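Small disclaimer: the values here were computed from a predicted structure and weren't measured.
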Amino acid sequence: MNLLESCVNEKCRVVSIDLNDDLKQHLCNMGLCPNATVCVKRYGWFKNSVQVQIGQRLIALGKDQARNIEIRVA
């Protein structure tokens, strides 16, 4: 299951991130790394973007980025 398939306000745990190394490191620095607990707060129009809460942070990801983040419902 990827991040785009999650329901709003559903807590999930990140299993893996399949992105290029620079972007993966940038997301990890913001707290989005394997074993992190995340919560989808809202989707953009036609799920073109997704807003994710990690702890107290909110970050926005594009559809292509969110599709490459594998999660598991916590």
Side-chain angles (χ1 to χ4, degrees):
M1 176 173 178
N2 65 41
L3 202 52
L4 282 177
E5 297 169 340
S6 176
C7 296
V8 174
N9 291 326
E10 183 175 52
K11 292 197 183 235
C12 304
R13 187 164 297 274
V14 176
V15 175
S16 67
I17 301 173
D18 186 25
L19 296 168
N20 68 46
D21 290 336
D22 291 335
L23 184 55
K24 189 174 182 178
Q25 183 62 43
H26 182 67
L27 292 174
C28 196
N29 290 340
M30 291 191 291
L32 185 64
C33 52
N35 293 322
T37 302
V38 298
C39 181
V40 172
K41 296 315 266 181
R42 69 178 55 129
Y43 289 104
W45 288 95
F46 306 110
K47 287 195 173 181
N48 281 336
S49 61
V50 58
Q51 186 182 51
V52 180
Q53 182 175 6
I54 307 158
Q56 296 298 316
R57 291 184 190 185
L58 289 174
I59 62 169
L61 299 169
K63 173 173 59 176
D64 294 331
Q65 297 165 346
R67 190 178 291 135
N68 291 317
I69 298 174
E70 187 180 339
I71 58 167
R72 170 178 80 233
V73 178

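- Counting only distance, with no hydrogens or angles, the side chain of Gln65 and the backbone of Arg67 share no donor-acceptor pair below 3.5 Å.
- Connection of Met30 to Val38 is established within a shared hydrophobic cluster, with ILVMFWY side chains joined at heavy-atom distances below 4.5 Å, either directly or through further cluster members.
- Counting only heavy atoms from C-beta outward, the side chains of Arg57 and Leu32 never approach each other to under 4.5 Å.
- Shown are Leu19, Leu4, Ile69, Val40; of these, the side-chain contact (heavy atoms from CB on, under 4.5 Å) with Leu61 is made only by Ile69.
- A continuous path of Ile, Leu, Val, Met, Phe, Trp and Tyr side chains, each step under 4.5 Å between heavy atoms, connects Ile71 with Leu23, placing both in one hydrophobic cluster.
- Hydrophobic clustering (side-chain heavy atoms under 4.5 Å, transitive across Ile, Leu, Val, Met, Phe, Trp, Tyr) keeps Val15 apart from Val73.
- Atom-to-atom distance recorded for Gln53:CD and Asn9:CG is 8.5 Å, nearest 0.5 angstrom.
- Taking all atoms of both residues into account, the shortest heavy-atom contact from Ala36 to Gly31 is CB-O, 3.4 Å.
- Counting heavy-atom neighbours within 6.0 Å of Arg13 CZ, excluding the residue itself, gives a total above 12.
- Using a cutoff of 4.0 Å between basic side-chain nitrogens and carboxylate oxygens, Asp21 and Lys24 are not scored as salt-bridged.
- Put simply, the side chain of Pro34 reaches to within 4.5 Å of the side chain of Ile17, judged on heavy atoms.
- Looking only at side-chain heavy atoms (C-beta outward), Asp18 and Glu70 stay at 4.5 Å or farther from each other.
- Few gaps surround NZ on Lys47; more than 12 heavy atoms of other groups in view lie less than 6.0 Å from it.
- Val50 and Leu58 sit in two unconnected hydrophobic clusters of ILVMFWY residues. Membership requires side-chain heavy atoms under 4.5 Å apart, directly or through other members.
- Interatomic distance, CD of Gln51 versus SG of Cys39, reported as 10.0 Å (0.5 Å rounding).
- Atoms OG and NZ, from Ser6 and Lys11 in turn, are 11.5 Å apart once rounded to the nearest 0.5 Å.
- The backbone N or O of Asn2 lies less than 3.5 Å from a partner atom in the side chain of Glu5, making a donor-acceptor pair.
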